[in-house]
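Quick notes on the structure that follows.
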Amino acid sequence: MTVQTVSLLLSAAAILILAAVFLRVRVLAHAVEDYAPVQGRAYRIRAIAFWLMLLVGLPISIWLLRDMPYEADATEAQIVNATAAQWYWELDREDVSLNRPVEFHVASMDVNHGFGIYDAAGRLVAQTQAMPGYVNRLVHKFDAPGTYRVLCLEYCGLAHHGMMAEVIVSETGGSDG
Amino acid sequence: MAEAYTTAGAKVTAADRGRLWVTLYLAVTGIVLLLMMTLGLLMRLAQSDILTLDPALFYQMMTVHGTGMVGIAALGGMAVMWHFLSAHVRLHGWVLGVNLVLFLAGVVAILAADFLGGFGGGWTFLYPLPATSGAVWPTWAAALHLSGLLVIGVGFLIVCLEIARAIIVGYGGLGRGLGWHVLFANSTENVPPPTVVASTMVVIVTTLALTAGAAILVMSLINIAFPEIQINPLLAKNMTYFFGHVFINATIYMAVTVVYELLPRITGRPWKTNKVFLAAWTLSTTMVLVIYPHHLLMDFAMPTWMMVIGQVLSYVNSFPVLIVTGLGALAILHRSGIRWDLISTLLLISMFGWMAGVIPAVIDATITVNSVMHNTMWVPGHFHFYLLLGLLPMQFAFMIYLARGEDVTPQGGDMTAILYLLFGLGFVGMFLMGGWASVPRRWATHLPEWLIWDQIASVMAVGVIVLATVFVLKFLTRMPRILQEA
């Protein structure tokens, strides 16, 4: 299951649970009960929510930090220099090998751009920003052959939507130069 | 424990000097809102391949839409907060007038820059795009747009300073406005009610945001005038997103005062200021300022510790105000014996929209998720969620409340609010589905496989606009009477 699908399902589930709570409050609002016991229950729920978020949610959030893309391993990486400009990409290499890390050195010649890699099914698999004056290092290991597209993911002006390039992933790939 | 109440049955009467301006703020908010919504619909139709729009015009409209929506979120939010706060502290109404004049002057400048000059740099005006358009727009258009923004920012800054002054005079300091004397010293003197606490938080964070925003605007203007004077792009990006993140969040904190003030009157149950409430607002005051790096998670040049803060504290930040306010609202309503009507339903929806909209936002603030969701349609999905279904229902509820002569007895009409919710859910849901399908945001034209989400969203947008028009018209048609009563 992709990260996108997990995110969508998690969001949908949480929103539906929340909607059920609100719906219950709406349906039962016509009934009359003293405020004090209602408030007492709400405070207890609030306390439970607080401790759950602190003892369960917070460790999960910290645990999720283990996969940060900033210092990804790039042993025997294939280097691709990707430079953005209004409104095109320049890649010094378009053919890369499967199952070997590719280290993209992403830069910009003018304004901010976004370097987004899409797989053959049109799913975004990795990205970083392309910023003037900086070189961002993005490491990605392609695990399926095919033609991947690079799209611009940071608004950069008139032909932002036209900035596309291709990366071809195969068993043999291109030369490491 | 010391407590202050937004008391049941109390009638807040806005200072008459402020009433004229509050009414005009809401009128401008309502009219501009409908125009910006229409621009939004046209953009979604263009992305649906139903309407042909020149990309240059699309991006001009996108710039106006984004900037205008942030502007009226603040204008309407300020009207709500001012109205209720003026019952607790003494405010000078003319300050609102000054801000409105500056706001309208800024709007004229922005409209001229964008639609006449062709500026389309987005609401983010991300350096160095304003000065580096690829010869698409002239530098005067960029300068005029940024100057318009600066004028608007200065206006809101003046209002924030006036509110800060009034709270300092009324409560003895901003710390006391946040209730620190209650929280840390167990004082029972001059306990600030919820509206004062929220307003204090708003002026603290908004003043900082506007200062950063004004600074980057001036720096960008200097760069336009003297291209040899350059700015560090990463610094510029930090300043822009610090401003944008804090400012748009503050607009919700402004508007939520309507929930604190009206629910007690509708239900007859008080909204208490207690230590948990005060601690929550103090925590949020801090955290809303430091979590903005979650907008920069794909800027790998950022220090890693800032990214960690961006992820972890974004998650933590969802608790204090949101859970405390959301659960507080639900508790006040639960088994309260009320009959639902338009105002109470809008307030209920606003709490749902705010809380639910934060869920996809927090998920997106997770770095591994952000790697495949950042700058996709997922992002407008979550911010439209809590603005369209959180912030706007608060503002609509306030408009209806004034239109009904500040009478909160049930008068029906809740079905229109429910329809608004359903169309709104459909609309934001299509953004989220687009994000799931990796559709990039801010693209003038879409690939064929993405059109289905755009087309359904367009239908939903029509419903949202029709219902928003109903709410705004309810207010506008009663404006003469509102002003007469004032």
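Protein chains get the first letters and strands the later ones, always in sequence-line order, with residue 1 at the start of each. Keep in mind that this is a model prediction, so the values were computed, not measured.
A centroid separation of less than 6.0 Å is found between the aromatic rings of A/Y155 and B/Y59.
Residues passing the salt bridge (Lys or Arg N to Asp or Glu O under 4.0 Å) test with A/D110: none are found, sequence neighbours excluded.
Annotation: residues 367-374 of chain B contacts chain A through B/I367, B/T368, B/V369, B/N370, B/S371, B/V372, B/M373, B/H374 [non-hydrogen atoms, separation under 4.5 Å].
At a threshold of 4.5 Å between non-hydrogen side-chain atoms, the residues B/Y315 and A/L64 do not count as touching.
For A/Y118, the part sitting under 4.5 Å from any heavy atom of chain B is the side chain, from C-beta outward, and nothing else. Of the atoms belonging to A/Q86, it is side-chain heavy atoms, and not backbone ones, that fall under 4.5 Å from chain B. Only the backbone of B/S133 comes within contact range of chain A, with at least one heavy atom under 4.5 Å from a heavy atom of that chain. Looking at B/M62, only its side chain comes within 4.5 Å of chain A, counting heavy atoms on both sides. Of the two parts of A/I117, neither the backbone nor the side chain holds a non-hydrogen atom closer than 4.5 Å to a non-hydrogen atom of chain B.
Note: B/T345 leads B/V439, B/L432, B/T345, B/V362 in heavy-atom pairs under 4.5 Å with chain A. Your options are A/G157, A/A130, A/A42, A/G116, and the one with the most heavy-atom pairs under 4.5 Å with chain B is A/G157. Among B/D299, B/L327, B/V136, the residue with the largest count of heavy-atom pairs under 4.5 Å with chain A is B/D299.
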Evaluate side-chain contact (heavy atoms from CB on, under 4.5 Å) for A/F22 paired with B/M355, printing each intermediate quantity in order. CA-CA 11 Å; A/F22 271 78; B/M355 294 176 80; 3.8 Å; yes

Could you please spell out the steps behind the side-chain contact (heavy atoms from CB on, under 4.5 Å) verdict for B/D414 and A/R26? CA-CA 12 Å; B/D414 55 338; A/R26 179 172 171 87; 2.7 Å; yes

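Of the inter-residue distances, the one linking A/Q129 atom CD with B/M302 atom CE reads 11.0 Å to the nearest 0.5 angstrom.
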